[in-house]
Amino acid sequence: MMNVSTPVYLEDKLEEVERSGKLEYRSGTLPTWCPGCGYFSISEGVGKAMTELGLDQKDTVCVSGIGCASRFPFFMNTYGFHSLHGRALPVATGIKVANDDLTVVVVGGDGDAFAIGGGHIPHAARRNVDITYILFDNGVYGLTKGQTSPTSVLGFKTTTTPYLNFDQPLNPLMMLLSYGASWVAQAYAGEPHHLTEMIKAAIDHRGFSYLHVLSPCVTFDKTSMTYKNLDMSVHPLPDDHDASDFSAAMTAAQTTDHHQIGVYFSSERPTLSDGLDEISERAKQTA
């Protein structure tokens with residue numbers, strides 16, 4: 001039996017959480033995800049990151065598409081936009097172009113992002129829109145009761161693949177790197193402290209930042225991307241990994257025998273808003 005030298009009282013803990021400021025980013029709507037879902041860690045990480053970065057709620061927007069992850073804006077005390085299936089990035093791009101002073105955080109699941117929404121990712125990345133895209137990857141369509149998704153592993157058995165999945169899963173990290181994202185990283189919902197640091201770094205990056213978060217679906221996946229399996233297969237990127245080296249990032253992204261968390265790639269280049277400002281100035285000069 002564990003001995004607790006100092007008693008912990010619920011009232012004191014609640015006061016500590018309230019003093020931290022994290023509750024300022026929570027709406028009055030409680031999350032409705034399944035108990036044990038990794039999305040709770042991501043939600044907590046986003047609120048904590050926003051608190052530590054000192055973001056103002058009125059200058060922050062959370063955008064989502066459709067799916068379990070897309071309930072996220074309802075649980076945040078910021079401006080929010082629950083958009084159409086796969087259309088979160090175009091909506092977020094429009095918001096950022098309309099008001100470059102806003103901090104725009106986009107959330108989506110692996111199905112919303114890489115199936116119906118897959119055509120929008122390359123353009124947001126190559127244009128270097130100054131938004132943060134947090135991808136909740138549980139390798140399954142959870143909201144519609146557990147079908148195979150674009151990131152489901154080979155051999156995964158679901159209602160749509162009763163004789164096992166024979167479709168090769170996508171490699172989102174390689175995709176985002178090849179599309180030209182200026183910041184690419186991976187985190188794991190089972191390591192919340194590291195996850196929070198990755199979210200902070202993603203939001204703080206000026207340009208299109210993509211954070212891929214491995215997050216078990218405790219209801220519809222009992223065999224593949226479980227906490228037990230991920231706890232064994234998730235490892236940090238090597239200490240000598242150079243995030244400024246694109247080739248090194250691509251090499252790391254090709255590792256498939258285990259999951260590596262950390263910043264794969266980071267670079268600075270003009271954003272979409274920078275380009276639009278320059279076009280505006282050129283237009284003024286020729287008017």
Side-chain angles (χ1 to χ4, degrees), residues 22 24-27 39 42-67 69-109 112-114 117-137 172 176 179-185 187 195-213 263 266-277 280:
K22 290 186 294 183
E24 295 179 9
Y25 296 89
R26 296 261 188 97
S27 72
Y39 294 0
I42 306 173
S43 176
E44 173 73 8
V46 172
K48 188 174 181 181
M50 289 181 173
T51 302
E52 295 181 5
L53 290 172
L55 301 182
D56 194 320
Q57 291 102 311
K58 68 177 180 61
D59 296 324
T60 306
V61 185
C62 292
V63 183
S64 68
I66 298 296
S70 300
R71 298 169 176 171
F72 186 83
F74 294 100
F75 311 140
M76 298 297 295
N77 184 26
T78 65
Y79 284 104
F81 199 118
H82 189 190
S83 71
L84 301 175
H85 199 189
R87 304 297 182 256
L89 285 175
V91 170
T93 299
I95 292 171
K96 188 63 179 180
V97 169
N99 187 348
D100 193 37
D101 292 330
L102 296 175
T103 296
V104 181
V105 176
V106 188
V107 299
D112 184 68
F114 295 108
H120 296 296
I121 299 176
H123 307 294
R126 71 185 179 91
R127 290 168 176 157
N128 202 30
V129 189
D130 186 17
I131 59 179
T132 295
Y133 194 15
I134 304 177
L135 197 287
F136 300 40
D137 182 12
L176 268 293
Y179 292 158
S182 57
W183 193 94
V184 177
L195 171 61
T196 298
E197 292 304 311
M198 289 294 96
I199 295 173
K200 284 171 59 180
I203 295 174
D204 201 41
H205 174 76
R206 190 172 187 274
F208 185 81
S209 54
Y210 175 79
L211 179 60
H212 193 92
V213 185
V263 179
S266 180
S267 67
E268 299 291 337
R269 74 172 198 269
T271 66
L272 173 63
S273 295
D274 292 335
L276 293 176
D277 288 343
S280 178

**Student:** Going through the distances and angles, do Ser280 and Asp277 end up as a side-chain hydrogen bond (donor to acceptor under 3.5 Å, both in side chains)?
**Tutor:** CA-CA 5 Å; Ser280 178; Asp277 288 343; over 6 Å; no
**Student:** Nearest 0.5 Å, what's the OG1-CZ distance between Thr132 and Phe208?
**Tutor:**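 Result: 8.5 Å between the selected atoms.
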**Student:** How far apart are the closest heavy atoms of Met198 and Trp183, and which atoms are they?
**Tutor:**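 The answer is O-CH2, 3.6 Å.
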**Student:** Tell me, which pairs form a side chain to side chain donor-acceptor pair (under 3.5 Å) where one or both residues lie in residues 93-109, sequence neighbours left out?
**Tutor:**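 For residues 93-109, and leaving out neighbouring residues, the side chain to side chain donor-acceptor pair (under 3.5 Å) pairs sorted by first residue read Asp100-Ser273.
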**Student:** Nearest 0.5 angstrom please: Ile203 CD1 to Asp130 CG, how far?
**Tutor:**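 Answer for the CD1-CG pair, Ile203 versus Asp130, is 11.0 Å.
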**Student:** Do you know which of Arg126, Glu268, His205 makes side chain to side chain contact (heavy atoms under 4.5 Å, CB included) with Ser182?
**Tutor:**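 Exactly one option meets the side chain to side chain contact (heavy atoms under 4.5 Å, CB included) with Ser182, and it is His205.
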**Student:** At their closest point, which heavy atom of Phe72 faces which heavy atom of Ser43, and how far apart are they?
**Tutor:**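 Scanning both residues completely, I find the closest heavy atoms to be CE1-CA, 3.7 Å.
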**Student:** Is the number of heavy atoms from other residues, nucleotides or ligands within 6.0 Å of OH (Tyr179) greater than 12?
**Tutor:**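 Yes, because the 6.0 Å sphere around OH of Tyr179 holds more than 12 heavy atoms from other groups.
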**Student:** Report the distance from atom CG of Leu195 to atom NZ of Lys48, rounding to the nearest 0.5 Å.
**Tutor:**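 It is 10.5 Å, given to the nearest 0.5 Å.
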**Student:** Please assess Leu135 against Phe114 for the test side chain to side chain contact (heavy atoms under 4.5 Å, CB included), listing each intermediate value before the final yes or no.
**Tutor:** CA-CA 10 Å; Leu135 197 287; Phe114 295 108; 3.9 Å; yes
**Student:** Kindly say whether Gly207 contributes a backbone atom to a donor-acceptor pair with the side chain of Asn128 at under 3.5 angstrom?
**Tutor:**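 Not at all, since once roles are kept as given, no pair shorter than 3.5 Å links the two residues.
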**Student:** Of all the heavy-atom pairs spanning Ala92 and Ile131, show the shortest one and how long it is.
**Tutor:**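 Distance-wise, the nearest heavy atoms are CB-CD1, 4.0 Å.
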**Student:** Hey, what do you get for CD1 (Ile199) to CD (Glu52), rounding to the nearest 0.5 Å?
**Tutor:**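 That separation rounds to 10.5 Å.
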**Student:** Checking the side chain of Thr271 only, and the main-chain atoms of Val129 only, is there a donor and an acceptor separated by less than 3.5 Å?
**Tutor:**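 The answer is no, because no donor-acceptor pair under 3.5 Å joins these two groups.
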**Student:** If you compare all heavy atoms of Ala125 against all heavy atoms of Arg269, which two are closest, and at what distance to 0.1 Å?
**Tutor:**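 So the minimum-distance heavy-atom pair works out to O-NH2, 3.1 Å.
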**Student:** Does the pair Thr51 and Glu24 meet the rule for a side chain to side chain contact (heavy atoms under 4.5 Å, CB included), with working shown?
**Tutor:** CA-CA 8 Å; Thr51 302; Glu24 295 179 9; over 6 Å; no
**Student:** Quick one: which of Val107, Ile134, Thr78 gives a side chain to side chain contact (heavy atoms under 4.5 Å, CB included) with Val46?
**Tutor:**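 The residue from Val107, Ile134, Thr78 that satisfies side chain to side chain contact (heavy atoms under 4.5 Å, CB included) with Val46 turns out to be Ile134.
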**Student:** Give a yes or no answer on whether the side chain of Asp137 reaches the backbone of Val213 with a donor-acceptor pair at less than 3.5 Å.
**Tutor:**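 Pair absent, no side-chain N/O of Asp137 close to backbone of Val213.
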**Student:** Which pair of non-hydrogen atoms, one from Ser83 and one from Ser64, has the smallest distance, and what is that distance?
**Tutor:**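 Here Ser83 and Ser64 meet closest at OG-O, 2.6 Å.
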**Student:** Test side chain to side chain contact (heavy atoms under 4.5 Å, CB included) on Ile121 and Tyr210 and set out the steps.
**Tutor:** CA-CA 10 Å; Ile121 299 176; Tyr210 175 79; 5.9 Å; no
**Student:** Specify whether Tyr39 and Phe136 have parallel, tilted or perpendicular ring planes, treating 30° as the upper limit for parallel and 60° as the lower limit for perpendicular.
**Tutor:**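 Perpendicular.
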**Student:** Can you tell me if Tyr25 uses its side chain to pair, donor with acceptor, with the backbone of Met50 under 3.5 Å?
**Tutor:**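 Yes, Tyr25 side chain to Met50 backbone: donor-acceptor pair under 3.5 Å.
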**Student:** Regarding Glu44 and Arg26, does a basic nitrogen lie under 4.0 Å from an acidic carboxylate oxygen?
**Tutor:**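 Salt bridge between Glu44 and Arg26, a charged N being under 4.0 Å from a carboxylate O: yes.
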**Student:** Applying side chain to side chain contact (heavy atoms under 4.5 Å, CB included), run through Ile66 and His82 and close with a yes or a no.
**Tutor:** CA-CA 8 Å; Ile66 298 296; His82 189 190; 3.7 Å; yes
**Student:** So, for Val184 and Ala181, which heavy atoms are closest and what is the spacing to 0.1 Å?
**Tutor:**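 Answer, listing the atom of Val184 first, then Ala181: CG2-CB, 3.7 Å.
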